There are 2 protein chains.
Amino acid sequence: MALSLELITATARSLLVQYGLQDVSMRRLAKELDVGPGALYYHVASKQELLRSVAHEILSPLQHEPGDALELMLRFRELVLPLRDVGDLLLLAYALDENLPPARLLPERLMAEGWPQSSAEETSAVVMRFALGAVATEQNQALLQGPAAMPTQAPDARQATAAEQIYRRGLQKLLIRA
Amino acid sequence: MALSLELITATARSLLVQYGLQDVSMRRLAKELDVGPGALYYHVASKQELLRSVAHEILSPLQHEPGDALELMLRFRELVLPLRDVGDLLLLAYALDENLPPARLLPERLMAEGWPQSSAEETSAVVMRFALGAVATEQNQALLQGPAAMPTQAPDARQATAAEQIYRRGLQKLLIRA
DNA sequence: ACCTGAACACCGTTCAAGT
DNA sequence: ACCTGAACACCGTTCAAGT
(Lines give C-alpha, C1' and ligand atoms only; values in the text may rest on other atoms or scores of the structure.)
Protein backbone atom coordinates (compact mmCIF):
# COMPACT_ATOMS: atom_id res chain seq x y z
CA MET A 1 0.00 0.00 0.00
CA ALA A 2 3.07 2.31 0.30
CA LEU A 3 2.16 3.67 3.69
CA SER A 4 3.78 6.90 4.84
CA LEU A 5 3.34 9.61 7.45
CA GLU A 6 1.95 11.90 4.77
CA LEU A 7 -0.65 9.42 3.58
CA ILE A 8 -1.70 8.56 7.11
CA THR A 9 -2.00 12.22 8.06
CA ALA A 10 -4.03 13.03 4.97
CA THR A 11 -6.37 10.10 5.55
CA ALA A 12 -6.81 11.04 9.20
CA ARG A 13 -7.67 14.56 8.13
CA SER A 14 -10.31 13.44 5.66
CA LEU A 15 -11.83 11.17 8.31
CA LEU A 16 -11.90 14.15 10.66
CA VAL A 17 -13.57 16.43 8.13
CA GLN A 18 -16.14 13.86 7.04
CA TYR A 19 -17.08 12.13 10.29
CA GLY A 20 -15.61 14.09 13.20
CA LEU A 21 -12.91 13.47 15.75
CA GLN A 22 -14.62 10.53 17.45
CA ASP A 23 -14.33 8.58 14.20
CA VAL A 24 -10.60 9.14 13.90
CA SER A 25 -9.34 5.99 15.56
CA MET A 26 -6.17 4.15 14.72
CA ARG A 27 -8.19 1.06 13.82
CA ARG A 28 -10.63 2.94 11.61
CA LEU A 29 -7.70 4.64 9.94
CA ALA A 30 -6.01 1.29 9.37
CA LYS A 31 -9.18 -0.12 7.84
CA GLU A 32 -9.45 2.87 5.53
CA LEU A 33 -5.86 2.27 4.40
CA ASP A 34 -6.30 -1.51 4.13
CA VAL A 35 -3.60 -2.40 6.60
CA GLY A 36 -3.47 -3.95 10.04
CA PRO A 37 -3.68 -1.54 12.96
CA GLY A 38 -0.08 -2.24 13.95
CA ALA A 39 1.25 -1.08 10.59
CA LEU A 40 0.51 2.55 11.45
CA TYR A 41 2.97 2.41 14.32
CA TYR A 42 5.83 1.88 11.97
CA HIS A 43 5.27 5.42 10.65
CA VAL A 44 3.82 7.24 13.61
CA ALA A 45 4.81 7.19 17.26
CA SER A 46 1.35 7.52 18.76
CA LYS A 47 -2.16 8.75 18.10
CA GLN A 48 -1.35 12.00 19.87
CA GLU A 49 1.59 12.64 17.60
CA LEU A 50 -0.57 11.88 14.57
CA LEU A 51 -3.21 14.36 15.68
CA ARG A 52 -0.54 17.00 16.13
CA SER A 53 0.51 16.35 12.57
CA VAL A 54 -3.07 16.69 11.34
CA ALA A 55 -3.48 19.95 13.24
CA HIS A 56 -0.34 21.30 11.65
CA GLU A 57 -1.61 20.48 8.18
CA ILE A 58 -4.95 22.11 8.85
CA LEU A 59 -3.39 25.32 10.13
CA SER A 60 -0.58 25.63 7.62
CA PRO A 61 -2.55 27.99 5.33
CA LEU A 62 -2.19 30.60 8.07
CA GLN A 63 1.51 30.78 7.30
CA HIS A 64 0.79 32.56 4.05
CA GLU A 65 -1.93 34.79 5.35
CA PRO A 66 -1.59 38.51 4.64
CA GLY A 67 -3.31 41.12 6.76
CA ASP A 68 -2.91 42.33 10.32
CA ALA A 69 -3.25 40.42 13.59
CA LEU A 70 -7.02 40.79 13.71
CA GLU A 71 -7.52 39.45 10.20
CA LEU A 72 -5.12 36.59 10.95
CA MET A 73 -7.20 35.50 13.92
CA LEU A 74 -10.47 35.85 12.03
CA ARG A 75 -9.01 33.58 9.37
CA PHE A 76 -8.00 31.15 12.11
CA ARG A 77 -11.61 30.87 13.21
CA GLU A 78 -12.86 30.39 9.67
CA LEU A 79 -10.33 27.66 9.07
CA VAL A 80 -11.09 25.74 12.22
CA LEU A 81 -14.82 26.20 12.59
CA PRO A 82 -16.02 23.93 9.76
CA LEU A 83 -14.09 21.01 11.25
CA ARG A 84 -16.82 20.53 13.83
CA ASP A 85 -14.92 19.18 16.84
CA VAL A 86 -11.37 20.13 16.14
CA GLY A 87 -11.35 22.68 18.97
CA ASP A 88 -10.52 20.10 21.60
CA LEU A 89 -7.89 18.66 19.30
CA LEU A 90 -6.19 22.04 18.95
CA LEU A 91 -5.98 22.61 22.66
CA LEU A 92 -3.97 19.41 22.88
CA ALA A 93 -1.95 20.15 19.76
CA TYR A 94 -0.84 23.55 21.00
CA ALA A 95 0.31 22.03 24.24
CA LEU A 96 2.38 19.49 22.29
CA ASP A 97 3.75 22.05 19.88
CA GLU A 98 3.96 25.69 20.88
CA ASN A 99 4.93 26.64 17.35
CA LEU A 100 1.76 25.51 15.69
CA PRO A 101 0.43 28.28 13.42
CA PRO A 102 -0.40 31.03 14.05
CA ALA A 103 1.67 31.02 17.23
CA ARG A 104 4.80 32.34 15.54
CA LEU A 105 3.16 34.63 13.04
CA LEU A 106 0.93 36.43 15.51
CA PRO A 107 3.67 38.17 17.53
CA GLU A 108 5.43 39.08 14.28
CA ARG A 109 2.32 40.81 13.03
CA LEU A 110 1.89 42.69 16.28
CA MET A 111 5.48 43.92 16.14
CA ALA A 112 4.91 44.98 12.55
CA GLU A 113 2.03 47.07 13.88
CA GLY A 114 4.37 48.78 16.32
CA TRP A 115 4.04 46.68 19.47
CA PRO A 116 7.21 46.29 21.52
CA GLN A 117 8.46 42.71 21.54
CA SER A 118 7.68 41.71 25.11
CA SER A 119 4.08 42.91 25.06
CA ALA A 120 3.62 41.45 21.55
CA GLU A 121 4.59 38.06 22.93
CA GLU A 122 2.40 38.34 25.98
CA THR A 123 -0.56 39.53 23.97
CA SER A 124 -0.08 36.67 21.52
CA ALA A 125 -0.32 34.14 24.33
CA VAL A 126 -3.44 35.84 25.63
CA VAL A 127 -5.05 36.01 22.20
CA MET A 128 -4.27 32.37 21.40
CA ARG A 129 -5.86 31.22 24.65
CA PHE A 130 -8.96 33.24 23.93
CA ALA A 131 -9.20 32.03 20.34
CA LEU A 132 -8.83 28.39 21.33
CA GLY A 133 -11.44 28.68 24.07
CA ALA A 134 -13.80 30.57 21.80
CA VAL A 135 -13.75 28.18 18.85
CA ALA A 136 -13.93 25.12 21.10
CA THR A 137 -16.95 26.61 22.89
CA GLU A 138 -18.62 27.56 19.65
CA GLN A 139 -18.07 24.14 18.15
CA ASN A 140 -19.21 22.22 21.19
CA GLN A 141 -22.38 24.27 21.40
CA ALA A 142 -23.11 23.72 17.75
CA LEU A 143 -22.60 19.98 18.17
CA LEU A 144 -24.60 19.49 21.33
CA GLN A 145 -27.38 22.03 21.28
CA GLY A 146 -28.38 22.66 17.74
CA PRO A 147 -26.88 20.61 14.95
CA ALA A 148 -29.68 22.37 13.07
CA ALA A 149 -28.65 25.82 14.29
CA MET A 150 -25.30 25.79 12.47
CA PRO A 151 -25.91 28.79 10.23
CA THR A 152 -25.70 27.83 6.58
CA GLN A 153 -24.15 31.04 5.51
CA ALA A 154 -24.72 32.39 2.11
CA PRO A 155 -21.16 33.73 1.92
CA ASP A 156 -22.46 37.21 1.25
CA ALA A 157 -25.14 37.39 3.94
CA ARG A 158 -23.17 39.66 6.22
CA GLN A 159 -25.06 39.38 9.46
CA ALA A 160 -22.68 37.98 12.01
CA THR A 161 -23.84 35.22 14.31
CA ALA A 162 -23.82 35.83 18.06
CA ALA A 163 -20.75 33.63 18.39
CA GLU A 164 -18.91 35.62 15.75
CA GLN A 165 -19.76 38.87 17.53
CA ILE A 166 -18.35 37.52 20.77
CA TYR A 167 -15.19 36.41 19.00
CA ARG A 168 -14.66 39.82 17.36
CA ARG A 169 -15.31 41.76 20.56
CA GLY A 170 -12.81 39.65 22.46
CA LEU A 171 -10.14 40.19 19.84
CA GLN A 172 -10.84 43.91 19.70
CA LYS A 173 -10.36 44.33 23.43
CA LEU A 174 -7.29 42.13 23.60
CA LEU A 175 -5.63 43.87 20.66
CA ILE A 176 -5.80 47.35 22.13
CA ARG A 177 -2.25 48.52 22.69
CA ALA A 178 -1.80 49.11 26.43
CA MET B 1 -24.36 -0.87 47.92
CA ALA B 2 -27.07 1.85 47.89
CA LEU B 3 -25.97 3.42 44.64
CA SER B 4 -27.15 6.93 43.85
CA LEU B 5 -26.35 9.81 41.53
CA GLU B 6 -24.69 11.61 44.43
CA LEU B 7 -22.44 8.70 45.33
CA ILE B 8 -21.50 8.07 41.73
CA THR B 9 -20.69 11.73 41.15
CA ALA B 10 -18.61 11.96 44.31
CA THR B 11 -16.68 8.81 43.41
CA ALA B 12 -16.08 10.05 39.87
CA ARG B 13 -14.78 13.29 41.29
CA SER B 14 -12.33 11.61 43.61
CA LEU B 15 -11.10 9.43 40.75
CA LEU B 16 -10.62 12.62 38.70
CA VAL B 17 -8.68 14.38 41.44
CA GLN B 18 -6.48 11.40 42.24
CA TYR B 19 -5.75 9.91 38.82
CA GLY B 20 -6.91 12.33 36.14
CA LEU B 21 -9.67 12.32 33.56
CA GLN B 22 -8.35 9.38 31.57
CA ASP B 23 -8.92 7.16 34.60
CA VAL B 24 -12.54 8.18 34.97
CA SER B 25 -14.19 5.40 33.00
CA MET B 26 -17.59 3.90 33.66
CA ARG B 27 -15.99 0.51 34.24
CA ARG B 28 -13.36 1.80 36.61
CA LEU B 29 -16.05 3.69 38.46
CA ALA B 30 -18.16 0.55 38.71
CA LYS B 31 -15.22 -1.42 40.06
CA GLU B 32 -14.57 1.28 42.66
CA LEU B 33 -18.20 1.04 43.74
CA ASP B 34 -18.26 -2.77 43.63
CA VAL B 35 -21.04 -3.04 41.09
CA GLY B 36 -21.34 -4.21 37.52
CA PRO B 37 -20.80 -1.55 34.85
CA GLY B 38 -24.43 -1.68 33.81
CA ALA B 39 -25.64 -0.69 37.28
CA LEU B 40 -24.44 2.87 36.79
CA TYR B 41 -26.88 3.34 33.95
CA TYR B 42 -29.80 2.97 36.26
CA HIS B 43 -28.79 6.25 37.92
CA VAL B 44 -27.07 8.16 35.17
CA ALA B 45 -28.04 8.61 31.53
CA SER B 46 -24.55 8.64 30.05
CA LYS B 47 -20.94 9.31 30.82
CA GLN B 48 -21.29 12.80 29.38
CA GLU B 49 -24.13 13.60 31.74
CA LEU B 50 -22.12 12.26 34.66
CA LEU B 51 -19.17 14.46 33.80
CA ARG B 52 -21.46 17.46 33.63
CA SER B 53 -22.63 16.60 37.11
CA VAL B 54 -19.04 16.32 38.34
CA ALA B 55 -18.17 19.68 36.79
CA HIS B 56 -21.12 21.28 38.52
CA GLU B 57 -20.00 19.96 41.88
CA ILE B 58 -16.47 21.17 41.37
CA LEU B 59 -17.58 24.67 40.43
CA SER B 60 -20.34 25.09 42.99
CA PRO B 61 -18.10 26.93 45.50
CA LEU B 62 -18.08 29.82 43.03
CA GLN B 63 -21.73 30.41 43.82
CA HIS B 64 -20.82 31.74 47.26
CA GLU B 65 -17.82 33.71 46.18
CA PRO B 66 -17.67 37.35 47.28
CA GLY B 67 -15.58 39.91 45.44
CA ASP B 68 -15.80 41.52 42.03
CA ALA B 69 -15.69 39.95 38.57
CA LEU B 70 -11.90 39.82 38.47
CA GLU B 71 -11.63 38.07 41.82
CA LEU B 72 -14.36 35.65 40.79
CA MET B 73 -12.42 34.59 37.72
CA LEU B 74 -9.14 34.32 39.62
CA ARG B 75 -10.92 32.00 42.03
CA PHE B 76 -12.21 30.02 39.04
CA ARG B 77 -8.66 29.38 37.91
CA GLU B 78 -7.50 28.39 41.37
CA LEU B 79 -10.38 25.97 41.70
CA VAL B 80 -9.85 24.30 38.36
CA LEU B 81 -6.08 24.29 38.01
CA PRO B 82 -5.23 21.61 40.59
CA LEU B 83 -7.50 19.14 38.81
CA ARG B 84 -4.84 18.57 36.18
CA ASP B 85 -6.88 17.80 33.07
CA VAL B 86 -10.29 19.13 33.87
CA GLY B 87 -9.97 21.92 31.32
CA ASP B 88 -11.10 19.77 28.44
CA LEU B 89 -13.91 18.46 30.60
CA LEU B 90 -15.15 21.98 31.34
CA LEU B 91 -15.26 22.96 27.69
CA LEU B 92 -17.67 20.09 27.14
CA ALA B 93 -19.60 20.75 30.33
CA TYR B 94 -20.24 24.40 29.46
CA ALA B 95 -21.56 23.36 26.10
CA LEU B 96 -23.96 20.94 27.77
CA ASP B 97 -25.00 23.41 30.44
CA GLU B 98 -24.71 27.13 29.83
CA ASN B 99 -25.60 27.82 33.44
CA LEU B 100 -22.60 26.11 34.97
CA PRO B 101 -20.94 28.42 37.51
CA PRO B 102 -19.75 31.09 37.17
CA ALA B 103 -21.76 31.69 34.01
CA ARG B 104 -24.72 33.23 35.85
CA LEU B 105 -22.82 35.01 38.57
CA LEU B 106 -20.35 36.74 36.28
CA PRO B 107 -22.82 39.04 34.46
CA GLU B 108 -24.46 39.82 37.81
CA ARG B 109 -21.17 41.00 39.22
CA LEU B 110 -20.47 43.12 36.19
CA MET B 111 -23.86 44.79 36.46
CA ALA B 112 -23.20 45.40 40.15
CA GLU B 113 -20.06 47.21 39.03
CA GLY B 114 -22.11 49.44 36.80
CA TRP B 115 -22.04 47.66 33.45
CA PRO B 116 -25.23 47.91 31.39
CA GLN B 117 -26.94 44.54 30.99
CA SER B 118 -26.28 43.84 27.34
CA SER B 119 -22.55 44.54 27.50
CA ALA B 120 -22.31 42.67 30.81
CA GLU B 121 -23.71 39.60 29.09
CA GLU B 122 -21.50 39.92 26.08
CA THR B 123 -18.40 40.48 28.18
CA SER B 124 -19.28 37.48 30.33
CA ALA B 125 -19.35 35.24 27.27
CA VAL B 126 -16.02 36.64 26.13
CA VAL B 127 -14.42 36.23 29.55
CA MET B 128 -15.68 32.67 29.96
CA ARG B 129 -14.23 31.66 26.62
CA PHE B 130 -10.89 33.19 27.51
CA ALA B 131 -10.85 31.58 30.96
CA LEU B 132 -11.68 28.15 29.58
CA GLY B 133 -9.04 28.37 26.88
CA ALA B 134 -6.46 29.69 29.32
CA VAL B 135 -6.85 27.03 32.00
CA ALA B 136 -7.05 24.23 29.46
CA THR B 137 -3.86 25.49 27.79
CA GLU B 138 -2.09 25.88 31.09
CA GLN B 139 -3.09 22.41 32.25
CA ASN B 140 -2.21 20.69 29.01
CA GLN B 141 1.22 22.32 29.00
CA ALA B 142 1.84 21.29 32.57
CA LEU B 143 0.84 17.72 31.75
CA LEU B 144 2.79 17.32 28.55
CA GLN B 145 5.88 19.47 28.85
CA GLY B 146 6.92 19.62 32.42
CA PRO B 147 5.13 17.48 34.96
CA ALA B 148 8.11 18.66 37.00
CA ALA B 149 7.52 22.31 36.13
CA MET B 150 4.21 22.50 37.98
CA PRO B 151 5.21 25.16 40.49
CA THR B 152 4.84 23.88 44.03
CA GLN B 153 3.77 27.16 45.45
CA ALA B 154 4.46 28.01 48.99
CA PRO B 155 1.13 29.82 49.33
CA ASP B 156 2.88 32.99 50.33
CA ALA B 157 5.57 33.11 47.67
CA ARG B 158 3.92 35.81 45.65
CA GLN B 159 5.80 35.62 42.39
CA ALA B 160 3.25 34.83 39.72
CA THR B 161 4.05 32.18 37.13
CA ALA B 162 4.13 33.17 33.48
CA ALA B 163 0.80 31.46 32.97
CA GLU B 164 -0.77 33.37 35.82
CA GLN B 165 0.52 36.65 34.38
CA ILE B 166 -1.05 35.84 31.05
CA TYR B 167 -4.34 34.98 32.72
CA ARG B 168 -4.42 38.23 34.70
CA ARG B 169 -3.50 40.39 31.72
CA GLY B 170 -6.24 38.83 29.64
CA LEU B 171 -8.85 39.44 32.30
CA GLN B 172 -7.64 43.02 32.82
CA LYS B 173 -8.06 43.87 29.17
CA LEU B 174 -11.39 42.13 28.79
CA LEU B 175 -12.82 43.74 31.90
CA ILE B 176 -12.20 47.31 30.80
CA ARG B 177 -15.55 49.00 30.38
CA ALA B 178 -15.88 50.02 26.74
C1' DA C 1 -36.88 -0.72 42.07
C1' DC C 2 -32.45 -1.94 41.59
C1' DC C 3 -28.78 -4.70 40.06
C1' DT C 4 -26.18 -8.83 37.67
C1' DG C 5 -23.98 -10.95 33.86
C1' DA C 6 -23.18 -11.26 29.52
C1' DA C 7 -22.91 -9.51 25.26
C1' DC C 8 -22.03 -6.01 21.30
C1' DA C 9 -19.09 -3.27 19.01
C1' DC C 10 -15.45 -1.08 19.67
C1' DC C 11 -10.49 1.18 21.60
C1' DG C 12 -4.57 2.20 21.62
C1' DT C 13 -0.45 -0.21 21.62
C1' DT C 14 3.04 -3.99 21.36
C1' DC C 15 5.54 -7.49 19.28
C1' DA C 16 6.94 -11.96 17.42
C1' DA C 17 6.93 -13.60 13.02
C1' DG C 18 6.85 -13.28 8.16
C1' DT C 19 8.36 -11.16 3.38
C1' DA D 1 12.41 -2.10 5.74
C1' DC D 2 7.85 -2.77 6.12
C1' DC D 3 3.84 -5.15 7.38
C1' DT D 4 0.70 -9.12 9.38
C1' DG D 5 -1.77 -11.32 12.96
C1' DA D 6 -2.64 -11.97 17.26
C1' DA D 7 -2.69 -10.63 21.67
C1' DC D 8 -3.14 -7.46 25.98
C1' DA D 9 -5.73 -4.63 28.57
C1' DC D 10 -9.05 -1.93 28.14
C1' DC D 11 -13.66 1.14 26.50
C1' DG D 12 -19.38 2.89 26.61
C1' DT D 13 -23.77 1.07 26.41
C1' DT D 14 -27.73 -2.23 26.30
C1' DC D 15 -30.68 -5.57 28.02
C1' DA D 16 -32.65 -9.99 29.42
C1' DA D 17 -32.89 -12.05 33.63
C1' DG D 18 -32.80 -12.23 38.52
C1' DT D 19 -34.06 -10.45 43.50
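The chains referred to below are lettered A, B, ... by the order of the sequence lines, with proteins before strands, and numbering in each begins at 1. All values derive from a computational prediction rather than experimental measurement.
- Atom OH of A:Tyr167 and atom CD of A:Gln172 lie 12.5 Å apart (nearest 0.5 Å).
- The nucleotide whose nearest atom lies closest to any side-chain atom of A:Val35 is, among C:dG12, D:dT4, C:dA7, D:dT4.
- Rounded to whole Å, the separation between the C1' atoms of C:dC10 and D:dC8 comes to 15 Å.
- Between the side chain of B:Glu122 and the backbone N or O of B:Gln117 there is no donor-acceptor pair closer than 3.5 Å.
- If you measure from atom CD1 of A:Ile8 to atom C1' of D:dC2, you get 12 Å, rounded to the nearest angstrom.
- Separating the CG atom of B:Leu33 from the P atom of C:dC2 is a distance of 16 Å, rounded to the nearest angstrom.
- In this structure, B:Gln141 and B:Thr137 have side chains that are in contact, with non-hydrogen atoms separated by less than 4.5 Å.
- To the nearest angstrom, P of C:dC11 lies 15 Å from CZ of B:Arg27.
- Remark: C1' of C:dA1 and CG of B:Leu5 are 16 Å apart, rounded to the nearest angstrom.
- Inter-residue side-chain proximity for A:Leu50 and A:Thr9 is flagged as met; some heavy-atom pair is nearer than 4.5 Å.
- Summarising the geometry, the separation between CG on A:Leu29 and P on C:dT13 is reported as 12 Å, rounded to the nearest angstrom.
- Listed in residue order, the members of residues 38-56 of chain A having a heavy atom less than 4.0 Å from DNA chain D are A:Gly38, A:Ala39, A:Tyr42, A:His43.
- The local environment of CZ in B:Arg168 is sparse, with at most 12 non-hydrogen atoms from other residues, nucleotides or ligands closer than 6.0 Å.
- For the pair B:Asp23 CG and C:dC11 C1', the computed distance is 15 Å after rounding to whole Å.
- As a whole-Å value, the separation of A:Asp34 CG from D:dG5 P is 12 Å.
- In this structure, of C:dG12, C:dC11, D:dC3, it is D:dC3 that holds the atom nearest to the side chain of A:Leu3.
- Contact check for B:Leu51 versus B:Leu16: no side-chain heavy atoms found under the 4.5 Å cut-off.
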Please list every donor-acceptor pair under 3.5 Å in which a side-chain atom of residues 100-116 of chain B meets a protein atom from a residue at least two apart or in another chain.
from     : atom 1 : to      : atom 2 : distance (Å)
B:Arg104 : NH1    : B:Asn99 : OD1    : 3.1
B:Arg109 : NH1    : B:Glu65 : O      : 2.7
B:Arg109 : NH1    : B:Gly67 : O      : 3.0
B:Arg109 : NH2    : B:Glu65 : O      : 3.1
B:Glu113 : OE2    : B:Ala69 : N      : 2.9

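- Proximity of B:Val127 to B:Leu175: side-chain heavy atoms (C-beta onward) are separated by under 4.5 Å at one or more points.
- Distance alone, capped at 3.5 Å, is enough to place a donor-acceptor pair between the B:Asp85 side chain and the B:Leu21 backbone.
- One can place CE of B:Met26 at 20 Å from P of C:dA6, the figure rounded to the nearest angstrom.
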How is the base pairing of DNA chain C summarised as a dot-bracket string, given the Watson-Crick and G-U wobble criteria with both distances under 3.5 Å, [ ] for crossing and | for another strand?
||.|||||...|||||.||
